[in-house]
Trainee: 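First the structure, which I've put down as C-alpha coordinates, then a few questions once you've had a look.
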Protein chains: 2
Amino acid sequence: MTPTAPPTPAQLMDQLAQAAAGYYRSFAAVAAERGLTLMQGKMLSLLRRPMPMRTLADLLACDASNVTGIVDRLEARGLVSRETAPADRRIKNVTLTEEGEDTVRQIRAELMSSLTGLEGLDEEERITFQRLLARVFPAA
Amino acid sequence: MTPTAPPTPAQLMDQLAQAAAGYYRSFAAVAAERGLTLMQGKMLSLLRRPMPMRTLADLLACDASNVTGIVDRLEARGLVSRETAPADRRIKNVTLTEEGEDTVRQIRAELMSSLTGLEGLDEEERITFQRLLARVFPAA
DNA sequence: CTCGATAGTTAAGAATGTCAAGCACTCTCG
DNA sequence: CGAGAGTGCTTGACATTCTTAACTATCGAG
(Lines give C-alpha, C1' and ligand atoms only; values in the text may rest on other atoms or scores of the structure.)
Protein backbone atom coordinates (compact mmCIF):
# COMPACT_ATOMS: atom_id res chain seq x y z
CA MET A 1 0.00 0.00 0.00
CA THR A 2 2.52 2.62 1.11
CA PRO A 3 5.41 3.19 -1.25
CA THR A 4 8.76 2.19 0.20
CA ALA A 5 10.42 5.42 -0.83
CA PRO A 6 12.51 7.04 1.87
CA PRO A 7 10.46 9.61 3.77
CA THR A 8 11.74 13.16 3.80
CA PRO A 9 12.75 14.53 7.18
CA ALA A 10 9.54 16.55 7.09
CA GLN A 11 7.42 13.45 6.60
CA LEU A 12 9.32 11.73 9.35
CA MET A 13 8.59 14.65 11.62
CA ASP A 14 4.88 14.22 10.92
CA GLN A 15 5.14 10.59 11.85
CA LEU A 16 6.87 11.62 15.05
CA ALA A 17 4.09 14.07 15.83
CA GLN A 18 1.56 11.33 15.42
CA ALA A 19 3.57 8.92 17.54
CA ALA A 20 4.01 11.43 20.35
CA ALA A 21 0.30 12.26 20.25
CA GLY A 22 -0.58 8.58 20.32
CA TYR A 23 1.71 7.93 23.25
CA TYR A 24 0.18 10.65 25.40
CA ARG A 25 -3.33 9.73 24.34
CA SER A 26 -2.76 6.25 25.76
CA PHE A 27 -0.96 7.58 28.81
CA ALA A 28 -3.70 10.07 29.60
CA ALA A 29 -6.37 7.41 29.21
CA VAL A 30 -4.57 5.05 31.60
CA ALA A 31 -4.03 7.81 34.14
CA ALA A 32 -7.63 8.95 33.85
CA GLU A 33 -8.85 5.48 34.81
CA ARG A 34 -7.36 6.18 38.22
CA GLY A 35 -8.66 9.71 38.46
CA LEU A 36 -5.24 11.18 37.69
CA THR A 37 -4.43 13.90 35.20
CA LEU A 38 -1.70 13.54 32.61
CA MET A 39 0.69 15.67 34.65
CA GLN A 40 0.03 13.77 37.86
CA GLY A 41 0.64 10.51 36.06
CA LYS A 42 3.85 11.81 34.50
CA MET A 43 5.17 12.92 37.86
CA LEU A 44 4.41 9.61 39.55
CA SER A 45 6.13 7.76 36.73
CA LEU A 46 9.26 9.86 37.14
CA LEU A 47 9.56 9.05 40.83
CA ARG A 48 11.49 5.79 40.54
CA ARG A 49 13.47 7.22 43.40
CA PRO A 50 13.00 10.30 45.62
CA MET A 51 13.98 13.56 44.02
CA PRO A 52 13.85 17.30 44.76
CA MET A 53 10.95 19.32 43.44
CA ARG A 54 13.40 21.39 41.41
CA THR A 55 14.52 18.27 39.54
CA LEU A 56 10.92 17.33 38.87
CA ALA A 57 10.27 20.77 37.43
CA ASP A 58 13.19 20.33 35.03
CA LEU A 59 12.11 16.84 33.98
CA LEU A 60 8.51 17.93 33.46
CA ALA A 61 9.64 21.04 31.63
CA CYS A 62 7.50 23.27 33.79
CA ASP A 63 7.86 25.98 36.38
CA ALA A 64 8.76 25.17 39.97
CA SER A 65 5.58 26.82 41.21
CA ASN A 66 3.71 24.34 39.13
CA VAL A 67 5.29 21.39 40.87
CA THR A 68 4.12 22.74 44.22
CA GLY A 69 0.49 22.42 43.19
CA ILE A 70 0.83 19.00 41.60
CA VAL A 71 2.65 17.58 44.61
CA ASP A 72 0.03 19.17 46.87
CA ARG A 73 -2.72 17.19 45.17
CA LEU A 74 -0.79 13.93 45.01
CA GLU A 75 0.14 14.29 48.66
CA ALA A 76 -3.48 14.96 49.58
CA ARG A 77 -4.34 11.62 47.99
CA GLY A 78 -1.58 9.85 49.87
CA LEU A 79 0.41 8.93 46.75
CA VAL A 80 3.58 10.89 47.57
CA SER A 81 5.18 12.57 50.56
CA ARG A 82 7.54 15.51 51.04
CA GLU A 83 10.68 15.13 53.14
CA THR A 84 13.11 17.91 53.85
CA ALA A 85 16.67 16.93 52.95
CA PRO A 86 18.88 17.03 56.06
CA ALA A 87 21.99 18.06 54.13
CA ASP A 88 20.32 21.09 52.51
CA ARG A 89 17.20 22.17 54.31
CA ARG A 90 15.98 24.18 51.32
CA ILE A 91 15.40 20.98 49.38
CA LYS A 92 12.29 18.85 49.73
CA ASN A 93 12.53 15.35 48.34
CA VAL A 94 9.34 13.89 46.94
CA THR A 95 8.88 10.18 47.61
CA LEU A 96 6.29 7.65 46.49
CA THR A 97 4.22 6.09 49.26
CA GLU A 98 3.32 2.40 49.16
CA GLU A 99 0.08 3.29 47.47
CA GLY A 100 1.96 5.51 45.06
CA GLU A 101 4.27 2.65 44.11
CA ASP A 102 1.27 0.44 43.46
CA THR A 103 -0.32 3.06 41.28
CA VAL A 104 2.84 3.47 39.22
CA ARG A 105 3.11 -0.26 38.71
CA GLN A 106 -0.48 -0.42 37.52
CA ILE A 107 -0.06 2.52 35.19
CA ARG A 108 3.08 1.03 33.66
CA ALA A 109 1.45 -2.35 33.19
CA GLU A 110 -1.63 -0.94 31.56
CA LEU A 111 0.30 1.43 29.38
CA MET A 112 2.41 -1.43 28.17
CA SER A 113 -0.58 -3.57 27.29
CA SER A 114 -2.17 -0.56 25.64
CA LEU A 115 0.81 -0.04 23.33
CA THR A 116 0.14 -3.32 21.59
CA GLY A 117 2.70 -2.71 18.90
CA LEU A 118 5.60 -2.83 21.35
CA GLU A 119 5.27 -6.50 22.22
CA GLY A 120 5.33 -7.37 18.55
CA LEU A 121 8.90 -6.18 17.99
CA ASP A 122 11.63 -8.79 17.99
CA GLU A 123 14.97 -8.29 19.71
CA GLU A 124 16.73 -6.78 16.76
CA GLU A 125 13.92 -4.34 16.08
CA ARG A 126 13.96 -3.25 19.70
CA ILE A 127 17.67 -2.54 19.54
CA THR A 128 17.23 -0.56 16.33
CA PHE A 129 14.25 1.35 17.65
CA GLN A 130 15.99 2.28 20.86
CA ARG A 131 19.07 3.49 19.04
CA LEU A 132 17.08 5.64 16.67
CA LEU A 133 15.06 7.18 19.48
CA ALA A 134 18.19 7.85 21.49
CA ARG A 135 19.83 9.50 18.50
CA VAL A 136 16.95 11.79 17.66
CA PHE A 137 16.11 12.58 21.28
CA PRO A 138 19.36 12.43 23.22
CA ALA A 139 19.03 12.52 26.99
CA ALA A 140 19.03 16.19 27.89
CA MET B 1 29.03 3.05 27.13
CA THR B 2 25.62 1.37 26.84
CA PRO B 3 25.63 -2.38 26.38
CA THR B 4 24.17 -3.51 23.08
CA ALA B 5 21.84 -5.98 24.77
CA PRO B 6 18.28 -5.89 23.48
CA PRO B 7 16.13 -3.60 25.62
CA THR B 8 13.09 -5.11 27.27
CA PRO B 9 9.74 -3.76 26.15
CA ALA B 10 9.61 -1.89 29.45
CA GLN B 11 12.94 -0.20 28.79
CA LEU B 12 11.81 0.65 25.31
CA MET B 13 8.69 2.23 26.76
CA ASP B 14 10.87 4.42 28.95
CA GLN B 15 12.78 5.52 25.90
CA LEU B 16 9.51 6.30 24.20
CA ALA B 17 8.40 8.38 27.18
CA GLN B 18 11.60 10.36 26.95
CA ALA B 19 11.26 10.82 23.21
CA ALA B 20 7.66 12.00 23.46
CA ALA B 21 8.59 14.41 26.23
CA GLY B 22 11.52 15.70 24.18
CA TYR B 23 9.35 16.20 21.14
CA TYR B 24 6.78 18.30 22.97
CA ARG B 25 9.43 20.21 24.84
CA SER B 26 10.82 21.37 21.51
CA PHE B 27 7.40 21.95 20.05
CA ALA B 28 6.24 24.03 23.01
CA ALA B 29 9.42 26.11 22.89
CA VAL B 30 8.97 26.86 19.19
CA ALA B 31 5.31 27.75 19.66
CA ALA B 32 6.10 29.93 22.67
CA GLU B 33 8.49 32.00 20.57
CA ARG B 34 5.39 33.15 18.69
CA GLY B 35 3.28 33.67 21.76
CA LEU B 36 1.33 30.46 21.12
CA THR B 37 0.56 27.73 23.60
CA LEU B 38 1.25 24.08 22.90
CA MET B 39 -2.40 23.42 22.10
CA GLN B 40 -2.68 26.40 19.78
CA GLY B 41 0.44 25.26 17.96
CA LYS B 42 -0.84 21.71 17.67
CA MET B 43 -4.11 22.88 16.22
CA LEU B 44 -2.47 25.11 13.65
CA SER B 45 -0.20 22.28 12.60
CA LEU B 46 -3.17 19.98 12.05
CA LEU B 47 -4.88 22.41 9.70
CA ARG B 48 -3.18 21.40 6.46
CA ARG B 49 -6.67 21.68 5.07
CA PRO B 50 -9.94 23.02 6.50
CA MET B 51 -11.69 20.68 8.89
CA PRO B 52 -14.71 20.66 11.21
CA MET B 53 -14.22 21.47 14.86
CA ARG B 54 -15.46 18.01 15.77
CA THR B 55 -12.61 16.46 13.79
CA LEU B 56 -10.13 18.73 15.50
CA ALA B 57 -11.45 17.64 18.88
CA ASP B 58 -10.88 14.01 17.94
CA LEU B 59 -7.37 14.64 16.63
CA LEU B 60 -6.40 16.68 19.67
CA ALA B 61 -7.99 14.11 21.98
CA CYS B 62 -9.96 16.73 23.82
CA ASP B 63 -13.53 17.82 24.38
CA ALA B 64 -15.44 19.75 21.71
CA SER B 65 -16.04 22.60 24.13
CA ASN B 66 -12.31 22.90 24.42
CA VAL B 67 -11.90 23.43 20.70
CA THR B 68 -14.36 26.31 20.83
CA GLY B 69 -12.09 28.27 23.15
CA ILE B 70 -8.88 27.51 21.29
CA VAL B 71 -10.37 28.50 17.94
CA ASP B 72 -11.78 31.64 19.57
CA ARG B 73 -8.28 32.78 20.54
CA LEU B 74 -6.67 31.83 17.24
CA GLU B 75 -9.45 33.59 15.37
CA ALA B 76 -9.01 36.70 17.51
CA ARG B 77 -5.39 36.78 16.38
CA GLY B 78 -6.33 36.38 12.77
CA LEU B 79 -4.65 32.99 12.35
CA VAL B 80 -7.76 30.96 11.50
CA SER B 81 -11.34 31.57 10.44
CA ARG B 82 -14.63 29.72 10.90
CA GLU B 83 -16.84 28.97 7.92
CA THR B 84 -20.20 27.28 8.12
CA ALA B 85 -20.39 24.28 5.79
CA PRO B 86 -23.17 24.82 3.23
CA ALA B 87 -24.01 21.13 3.00
CA ASP B 88 -24.53 20.72 6.75
CA ARG B 89 -25.06 24.01 8.51
CA ARG B 90 -24.26 22.53 11.92
CA ILE B 91 -20.65 22.10 10.89
CA LYS B 92 -18.09 24.89 11.04
CA ASN B 93 -14.93 24.36 9.09
CA VAL B 94 -11.79 25.92 10.51
CA THR B 95 -9.39 27.32 7.93
CA LEU B 96 -5.93 28.83 8.18
CA THR B 97 -5.63 32.46 7.10
CA GLU B 98 -2.62 33.64 5.12
CA GLU B 99 -0.95 34.66 8.34
CA GLY B 100 -1.87 31.31 9.83
CA GLU B 101 -0.18 29.50 6.94
CA ASP B 102 2.93 31.56 7.43
CA THR B 103 2.99 30.77 11.12
CA VAL B 104 2.67 27.05 10.48
CA ARG B 105 5.50 27.15 7.97
CA GLN B 106 7.73 28.93 10.46
CA ILE B 107 6.85 26.53 13.27
CA ARG B 108 7.57 23.52 11.08
CA ALA B 109 10.88 24.92 9.92
CA GLU B 110 12.05 25.78 13.39
CA LEU B 111 10.90 22.51 14.85
CA MET B 112 12.81 20.69 12.18
CA SER B 113 16.00 22.56 12.84
CA SER B 114 15.49 22.06 16.54
CA LEU B 115 15.30 18.28 16.18
CA THR B 116 18.90 18.13 15.07
CA GLY B 117 19.03 14.35 15.18
CA LEU B 118 16.55 14.02 12.32
CA GLU B 119 18.77 15.47 9.64
CA GLY B 120 21.53 13.08 10.59
CA LEU B 121 19.61 9.96 9.55
CA ASP B 122 20.40 8.49 6.17
CA GLU B 123 17.71 7.24 3.83
CA GLU B 124 17.67 3.71 5.09
CA GLU B 125 17.46 4.80 8.69
CA ARG B 126 14.54 7.06 7.86
CA ILE B 127 12.68 4.18 6.25
CA THR B 128 13.34 1.96 9.25
CA PHE B 129 12.36 4.64 11.73
CA GLN B 130 9.14 5.45 9.95
CA ARG B 131 8.14 1.81 9.77
CA LEU B 132 8.81 1.23 13.44
CA LEU B 133 6.86 4.32 14.44
CA ALA B 134 3.95 3.36 12.19
CA ARG B 135 3.90 -0.14 13.65
CA VAL B 136 3.90 0.92 17.29
CA PHE B 137 1.54 3.86 16.74
CA PRO B 138 -0.78 2.90 13.89
CA ALA B 139 -2.94 5.70 12.55
CA ALA B 140 -6.04 5.66 14.71
C1' DC C 1 28.62 38.01 58.89
C1' DT C 2 26.88 39.98 54.82
C1' DC C 3 25.71 39.30 50.07
C1' DG C 4 24.20 36.76 46.19
C1' DA C 5 22.20 32.59 44.65
C1' DT C 6 19.00 28.66 45.13
C1' DA C 7 14.59 25.82 46.67
C1' DG C 8 10.21 26.20 47.58
C1' DT C 9 5.80 28.68 48.35
C1' DT C 10 2.10 31.98 47.45
C1' DA C 11 -0.95 34.78 44.73
C1' DA C 12 -3.21 36.61 40.50
C1' DG C 13 -4.60 35.93 35.86
C1' DA C 14 -4.75 33.31 31.41
C1' DA C 15 -5.34 28.88 29.19
C1' DT C 16 -6.89 24.27 29.27
C1' DG C 17 -9.66 20.04 30.83
C1' DT C 18 -14.11 18.20 32.39
C1' DC C 19 -18.91 17.98 32.68
C1' DA C 20 -23.70 19.24 32.05
C1' DA C 21 -27.03 21.87 29.74
C1' DG C 22 -28.72 24.24 25.69
C1' DC C 23 -29.54 25.66 20.70
C1' DA C 24 -29.46 24.81 15.76
C1' DC C 25 -29.60 21.70 12.43
C1' DT C 26 -30.09 17.00 10.12
C1' DC C 27 -32.04 12.58 9.57
C1' DT C 28 -35.31 8.90 10.10
C1' DC C 29 -39.64 7.07 10.44
C1' DG C 30 -44.51 6.97 10.78
C1' DC D 1 -45.37 16.61 6.34
C1' DG D 2 -43.98 16.42 11.39
C1' DA D 3 -42.32 14.51 15.76
C1' DG D 4 -38.41 12.63 17.83
C1' DA D 5 -33.66 11.04 17.98
C1' DG D 6 -29.01 12.19 16.98
C1' DT D 7 -25.13 15.37 15.86
C1' DG D 8 -22.19 19.82 15.92
C1' DC D 9 -21.20 23.64 18.31
C1' DT D 10 -21.61 26.84 22.16
C1' DT D 11 -22.06 28.27 26.98
C1' DG D 12 -21.35 28.10 31.92
C1' DA D 13 -19.29 26.38 36.21
C1' DC D 14 -15.49 24.42 38.20
C1' DA D 15 -10.80 21.94 38.77
C1' DT D 16 -6.19 21.75 37.00
C1' DT D 17 -2.31 23.63 34.81
C1' DC D 18 0.66 27.49 33.01
C1' DT D 19 2.93 31.94 33.57
C1' DT D 20 4.77 35.63 36.10
C1' DA D 21 6.17 38.08 40.05
C1' DA D 22 7.02 38.60 44.77
C1' DC D 23 8.31 36.51 49.14
C1' DT D 24 10.63 33.34 52.79
C1' DA D 25 14.13 30.26 54.19
C1' DT D 26 18.48 28.38 53.51
C1' DC D 27 23.04 27.78 51.65
C1' DG D 28 27.80 29.29 50.12
C1' DA D 29 31.39 32.43 48.99
C1' DG D 30 33.87 35.99 50.21
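Keep in mind the model is a prediction, meaning the values are calculated, not measured.
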Trainee: Is any NZ, NE, NH1 or NH2 atom of the basic residue among B/Asp58 and A/Arg25 found under 4.0 Å from an Asp or Glu carboxylate oxygen of the other?
Mentor: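 Between A/Arg25 and B/Asp58 there is no salt bridge, as every charged N stays at least 4.0 Å from the carboxylate O atoms.
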
Trainee: To the nearest Å, how far apart are A/Asp72 CG and D/dT16 P?
Mentor: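 It works out to 11 Å between those atoms.
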
Trainee: Can you find a pair of side-chain heavy atoms, one from B/Ser81 and one from B/Val94, that are under 4.5 Å apart?
Mentor: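 The answer is no; the side chains never approach within 4.5 Å.
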
Trainee: Between B/Leu36 and B/Arg77, is there a side-chain heavy-atom distance shorter than 4.5 Å?
Mentor: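 Touching, per the 4.5 Å side-chain cut-off.
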
Trainee: Measure the shortest side-chain to side-chain distance between A/Val67 and A/Met43 over non-hydrogen atoms and say whether it is less than 4.5 angstrom.
Mentor: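 Sidechains of A/Met43 and A/Val67: in contact.
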
Trainee: Can you name the nearest heavy-atom pair linking B/Arg34 to B/Ile107, along with the distance?
Mentor: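 Here B/Arg34 and B/Ile107 meet closest at CD-CG1, 4.0 Å.
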
Trainee: Quick check on D/dT17: is either OP1 or OP2 less than 4.0 Å from any side-chain nitrogen or oxygen of A/Asn66?
Mentor: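 For D/dT17, OP1/OP2 do not have a side-chain N/O of A/Asn66 under 4.0 Å.
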
Trainee: Does CZ in A/Arg105 sit with more than 12 non-hydrogen atoms of other residues, nucleotides or ligands closer than 6.0 Å?
Mentor: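 Yes - once you tally the heavy atoms of other residues, nucleotides and ligands closer than 6.0 Å, there are more than 12.
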
Trainee: Tell me the interatomic distance from B/Arg73, atom CZ, to C/dG13, atom P, rounded to whole angstroms.
Mentor: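 After rounding, the reported distance stands at 17 Å.
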
Trainee: Do the side chain of A/Ser65 and the base of D/dT20 come within less than 3.5 angstrom through a donor-acceptor pair of N or O atoms?
Mentor: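 Result: at least one qualifying N/O pair found.
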
Trainee: What's the verdict on side chain to side chain contact (heavy atoms under 4.5 Å, CB included) for A/Met53 and A/Arg82, showing C-alpha distance, side-chain angles and the deciding distance?
Mentor: CA-CA 9 Å; A/Met53 316 207 26; A/Arg82 273 183 249 235; 3.8 Å; yes

Trainee: What residues in residues 30-61 of chain A put a non-hydrogen atom under 4.0 Å from any atom of DNA chain D?
Mentor: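 Contacting residues: A/Thr37, A/Met39, A/Gln40.
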
Trainee: Take a 6.0 Å sphere around CZ of B/Arg89 and say whether it holds more than 12 heavy atoms from other residues, nucleotides or ligands.
Mentor: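 Count not over threshold, so no.
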
Trainee: Could you list by number each residue of residues 86-97 of chain A showing a heavy-atom separation from DNA chain C of less than 4.0 Å, or answer none if no residue does?
Mentor: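 Contacting residues: A/Arg90, A/Ile91, A/Lys92.
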
Trainee: Quick one: is C/dA7 close enough that its OP1 or OP2 comes under 4.0 Å of any side-chain N or O from A/Arg82?
Mentor: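 So the side-chain polar atoms of A/Arg82 never come under 4.0 Å of the phosphate oxygens OP1 or OP2 of C/dA7.
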
Trainee: Please report the distance, rounded to the nearest Å, between CG in B/Asp63 and C1' in D/dT11.
Mentor: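 One finds 12 Å between C1' of D/dT11 and CG of B/Asp63, rounded.
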
Trainee: Nearest-Å distance, CZ (A/Phe27) to P (C/dG17)?
Mentor: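 These atoms are roughly 16 Å apart.
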
